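Read through the structure below, which is laid out as structure tokens, and then see the notes.
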2 protein chains.
Amino acid sequence: MREATLKEIANRLGISITTVSKALKNYPDVSDKTRKAVTALAEELHFTPNSFAVNLRTKESKTIGLIIPEVVHHFFSGVVNGIIAEAEKNGYLVIMLQSNESLELEKKQVALLINKRVDGIIMSLSNESNNDAHIKSILEKEIPFVQFDKISKLIPSSKVIIDDQKAAMEAVQHLIDMGCKKIAHIRGLDNPQNSIDRFIGYKKALEKNGIPFDSSLVYSCKSITFEQGVEFAKQILEEDKGIDGIFVITDLVAVGVLAHFNEKGIQVPNQIAVIGFSNWLVSQVITPKLSTVDQPSYEMGVAAFNLLLEEMICRKEQKPFEAKTVALETAIIARESTLKK
Amino acid sequence: MREATLKEIANRLGISITTVSKALKNYPDVSDKTRKAVTALAEELHFTPNSFAVNLRTKESKTIGLIIPEVVHHFFSGVVNGIIAEAEKNGYLVIMLQSNESLELEKKQVALLINKRVDGIIMSLSNESNNDAHIKSILEKEIPFVQFDKISKLIPSSKVIIDDQKAAMEAVQHLIDMGCKKIAHIRGLDNPQNSIDRFIGYKKALEKNGIPFDSSLVYSCKSITFEQGVEFAKQILEEDKGIDGIFVITDLVAVGVLAHFNEKGIQVPNQIAVIGFSNWLVSQVITPKLSTVDQPSYEMGVAAFNLLLEEMICRKEQKPFEAKTVALETAIIARESTLKK
DNA sequence: CTGAAAGCGCTTACAG
DNA sequence: CTGAAAGCGCTTACAG
């Protein structure tokens with residue numbers, strides 16, 4: 001089946017392509033009669049404008065690029081949802097790419113998106129990535145660009161983040177409010193900013209409550225896994241330091257802690273309370289249900305797209321654009337693992 | 001920064017656009033000297049062909065569309081990974097859209113992709129979707145089309161599936177092998193093919209083992225949720241029919257069953273064994289660890305893209321194309337919830 | 001109110 | 001080996 005074109009409609013109606021185009025775009029300088037004839041025939045032929053031609057003329061693709069380290073994480077799929085939905089609402093489609101935490105791949109993918117001439121790029125950096133040339137090339141070409149979650153502070157673009165320090169402080173405060181006196185922290189890897197910030201938040205909360213910081217109560221993950229949680233739980237029981245609350249870097253690890261405590265018959269939260277971070281699905285279906293910090297992933301996606309849209313509009317209208325950083329609110333979700341009876 | 005064009009290169013070098021184009025595309029009828037001059041200048045100017053113009057000329061976008069019900073599911077993110085990676089390897093980019101299980105949205109999204117003139121579409125249907133007009137319109141326009149996972153048999157397109165009947169049979173056989181005598185099935189919604197096939201597999205396994213089918217042992221989900229699993233677990237205990245094994249449509253629901261059994265002190269698997277389907281992350285971190293059926297999600301994505309590529313090539317070369325169905329192997333993952341002591 | 005014309009940036013059949 | 005020309009399908013400034 002051949003696709004209908006403006007030309008075909010024009011020929012059939014014995015009018016010019018110009019007039020057909022105007023009629024379909026509701027330009028005011030077309031007679032009602034002509035407009036009706038055109039729209040009727042367009043409908044009949046299932047005419048839709050050839051987007052390749054439109055792109056070429058308007059120099060816009062109404063498509064944006066999205067690069068993330070991995071969708072598999074529950075958090076990222078939430079963000080992806082938000083971006084795609086908000087983009088669709090605004091007439092944009094989203095090309096998705098995954099760097100799999102590889103700087104090499106990430107560079108190639110940025111080049112692909114630039115060649116594709118997407119109208120903008122949203123990105124969460126791979127762990128290896130920082131202020132590299134490929135990112136600079138985006139900014140140099142003045143392609144609208146937004147970073148989210150795993151960002152580089154060195155790159156002057158709009159950003160969407162959460163306040164990890166504050167969120168961690170609130171989590172630890174929650175444990176304190178529940179009556180915990182000796183609170184351990186299972187922290188993340190050394191490098192990532194959010195791991196560092198959550199650790200700082202933990203310390204600040206202790207300080208604020210006049211609890212002395214004790215570095216022997218901090219356990220550093222070698223990997224972010226269920227098994228790592230089991231291991232530290234075991235260690236904590238063996239050491240028997242009187243710990244009565246644990247703030248864990250992320251839910252997956254916290255679930256490992258709970259699994260071991262369950263096995264050993266430790267009463268959670270009455271003997272030891274546990275709070276995680278991220279509000280994964282798994283935290284709601286584990287027994288006891290895990291208290292955690294909710295990151296608004298969908299909203300993060302929405303915010304990221306809207307920042308991008310703002311920049312795309314500014315660039316198009318040749319107006320000055322100033323990068324913004326949006327920090328989204330997190331929320332403590334108190335469930336069984338901290339609500340003492 | 002203005003983008004370099006063929007015209008600019010031609011002007012600077014005092015040759016024709018035609019020759020520049022040919023030189024860059026390694027046509028044989030260009031002198032070595034000219035070719036070198038062209039490639040050198042192209043490099044210097046960071047020339048990349050304007051993809052909008054290329055699309056218009058070649059009538060190809062080197063972009064495919066992907067519609068899935070939800071990325072949040074661990075299974076779908078695996079498939080998405082596979083599709084994106086394999087597409088990238090072959091020079092294609094992927095526009096992703098989510099139907100959120102809404103037929104309405106799905107229809108709009110198909111229209112968006114058609115208007116966008118993607119080179120092909122890969123899709124997993126929403127639960128409400130079947131042999132609807134929007135799908136037919138894809139086939140009528142001869143847009144290469146591949147279905148995966150949640151497919152409609154009525155639609156004559158290539159498909160990538162698992163053999164749900166066989167997988168379900170194996171799951172139930174596993175329960176029987178573990179000594180279960182009275183096996184219940186918590187089945188999925190009425191419409192989806194995989195829900196139907198798993199139910200058929202359940203019946204076949206019983207039949208094969210000479211166990212009479214008892215429709216009162218089949219529980220039909222109204223929604224695929226944790227809560228639904230809790231509810232049926234409660235009902236099963238109340239009815240007290242002597243059920244000693246349950247095959248559950250998917251892990252999320254199975255986890256709900258386990259949660260309720262844990263709460264009531266039911267010994268799993270010794271009193272009642274439970275097996276799920278899909279091998280979600282959550283099934284490995286729950287106590288007891290959930291036995292399940294592993295679906296090869298990444299491989300499914302790779303296979304789906306390759307089937308699509310095959311069709312895209314055939315269409316382009318105007319060769320006849322015949323739809324194929326690829327069925328991937330599943331595997332029983334036996335964990336604590338079925339391994340009786 | 002209508003339409004001829006230029007042009008977006010490329011590709012390719014054709015002539016020389 | 002090189003290039004003029006047509007054309008992909010649209011948009012829009014301009015003339016009438």
Side-chain angles (χ1 to χ4, degrees), chain A residues 1-39 41-42 45-63 91 114-119 141 316-317, chain B residues 1-39 41-42 45-63 91 114-119 141 316-317:
Chain A
M1 184 170 105
R2 260 191 50 266
E3 295 286 339
T5 61
L6 291 186
K7 192 173 167 186
E8 184 177 352
I9 296 176
N11 287 346
R12 289 236 216 167
L13 257 34
I15 58 179
S16 75
I17 293 173
T18 307
T19 303
V20 175
S21 174
K22 283 182 185 167
L24 290 172
K25 299 187 77 193
N26 278 318
Y27 277 42
D29 59 344
V30 177
S31 75
D32 244 36
K33 195 180 143 219
T34 307
R35 187 190 319 285
K36 274 179 191 147
V38 169
T39 48
L41 186 55
L45 300 176
H46 298 108
F47 171 81
T48 62
N50 181 314
S51 66
F52 300 157
V54 174
N55 291 345
L56 181 58
R57 262 309 303 231
T58 61
K59 297 178 186 298
E60 279 186 316
S61 59
K62 290 285 180 180
T63 304
I114 291 178
N115 287 353
K116 186 76 185 175
R117 282 168 162 74
V118 291
D119 296 342
K141 287 181 190 292
K316 197 170 157 187
E317 297 177 349
Chain B
M1 186 170 106
R2 261 193 48 266
E3 295 286 339
T5 61
L6 291 186
K7 193 173 166 188
E8 185 177 352
I9 296 175
N11 286 345
R12 289 234 218 168
L13 257 35
I15 59 179
S16 75
I17 293 173
T18 307
T19 304
V20 175
S21 174
K22 283 183 186 168
L24 289 173
K25 299 187 77 191
N26 278 319
Y27 277 42
D29 59 345
V30 176
S31 74
D32 244 37
K33 194 180 144 221
T34 307
R35 187 191 318 285
K36 274 180 189 145
V38 169
T39 48
L41 186 55
L45 299 177
H46 298 107
F47 171 81
T48 62
N50 182 313
S51 65
F52 300 157
V54 175
N55 291 345
L56 180 59
R57 262 309 303 231
T58 61
K59 295 175 187 299
E60 278 187 319
S61 60
K62 290 285 182 181
T63 304
I114 292 178
N115 286 352
K116 186 78 185 175
R117 281 167 162 75
V118 292
D119 296 341
K141 287 179 190 293
K316 196 171 156 186
E317 297 176 350

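Every chain is numbered from 1 and lettered A, B, ... according to where its sequence line falls, protein lines coming before strand lines. As the structure is a computational prediction, the values presented were derived from the model and not from experiment. Just the heavy atoms: all of them, side chains too, but no hydrogens, waters or symmetry mates, feed the values below.
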Nearest-Å distance for atom pair [atom1]/[atom2], residues [X] and [N]:
X     : N     : atom1 : atom2 : answer
A/I15 : C/dA4 : CD1   : C1'   : 14 Å
A/R35 : C/dC1 : CZ    : P     : 9 Å
B/L56 : C/dG9 : CG    : P     : 12 Å
A/N26 : C/dC1 : CG    : C1'   : 15 Å
B/L13 : D/dT2 : CG    : C1'   : 13 Å
A/N11 : C/dG3 : CG    : P     : 12 Å

Exercise. Which distance, rounded to the nearest 0.5 Å, do you find between the CD of B/E8 and the CG of B/L13?
Worked result: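 Here the rounded value is 11.0 Å.
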Exercise. Which value, rounded to the nearest 0.5 Å, describes the distance between B/L41 atom CG and B/R12 atom CZ?
Worked result: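 The CG atom of B/L41 sits 5.5 Å away from the CZ atom of B/R12.
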Exercise. Taking only N and O in the side chain of B/T19, is any of them less than 4.0 Å away from OP1 or OP2 of D/dT2?
Worked result: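 Answer no for this pair, as no side-chain N or O of B/T19 is under 4.0 Å from OP1 or OP2.
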Exercise. Are OP1 or OP2 of C/dG9 and a side-chain N or O of A/K59 less than 4.0 angstrom apart?
Worked result: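 For A/K59, the contact criterion (side-chain N or O under 4.0 Å from OP1 or OP2 of C/dG9) is met.
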Exercise. Name the one of B/N11, B/T5, B/I15 that satisfies side-chain contact (heavy atoms from CB on, under 4.5 Å) with B/V20?
Worked result: B/I15
Seminar exercise, completed: Reading nucleotides 10-16 of chain C from 5' to 3' and marking B where a protein heavy atom lies under 4.0 Å of the base, S where only the sugar-phosphate is that close, and - otherwise, the string is BBBBB--
Problem set entry | A/L6 to A/F47 - nearest heavy-atom pair and separation |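 Scanning both residues, the minimum pair turns out to be CD2-CZ, 3.6 Å.
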For this session: Check A/S16 against A/A10 and note the closest heavy-atom contact, atom names and distance.
Result: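 Smallest heavy-atom distance, with atoms named: C-CB, 3.7 Å.
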Exercise. Of all residues at least two apart in sequence or in a different chain, which pass the side chain to side chain donor-acceptor pair (under 3.5 Å) check with B/N115?
Worked result: A/T48
Seminar exercise, completed: Dot-bracket assigned to DNA chain C with the 3.5 Å Watson-Crick/G-U criterion, [ ] for crossing and | for other-strand pairs, is |||.||||||||.|||
Validation: residues 29-39 of chain A side-chain donor-acceptor distances under 3.5 Å, sequence neighbours left out:
| from | atom 1 | to | atom 2 | distance (Å) |
| --- | --- | --- | --- | --- |
| A/S31 | OG | A/T34 | N | 3.2 |
| A/S31 | OG | A/T34 | OG1 | 2.7 |
| A/R35 | NH1 | A/Y27 | O | 3.3 |
| A/R35 | NH2 | A/Y27 | O | 3.3 |
| A/R35 | NH2 | A/V30 | O | 3.2 |
| A/T39 | OG1 | A/R35 | O | 2.9 |
| A/T39 | OG1 | A/K36 | O | 3.1 |

Exercise. Do A/N50 and A/E3 touch side chain to side chain, with heavy atoms closer than 4.5 Å?
Worked result: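 No, too far: nothing below the 4.5 Å cut-off.
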Please table the atom pairs, donor to acceptor, closer than 3.5 Å between any side-chain atom in residues 54-61 of chain B and protein atoms at least two apart or in another chain.
| from | atom 1 | to | atom 2 | distance (Å) |
| --- | --- | --- | --- | --- |
| B/N55 | ND2 | B/S51 | O | 3.2 |
| B/T58 | OG1 | B/V54 | O | 2.7 |
| B/T58 | OG1 | B/E60 | N | 3.4 |
| B/E60 | OE2 | B/K316 | NZ | 3.2 |
| B/S61 | OG | B/T63 | N | 3.4 |
| B/S61 | OG | B/R117 | O | 3.3 |
| B/S61 | OG | B/D119 | OD1 | 3.3 |

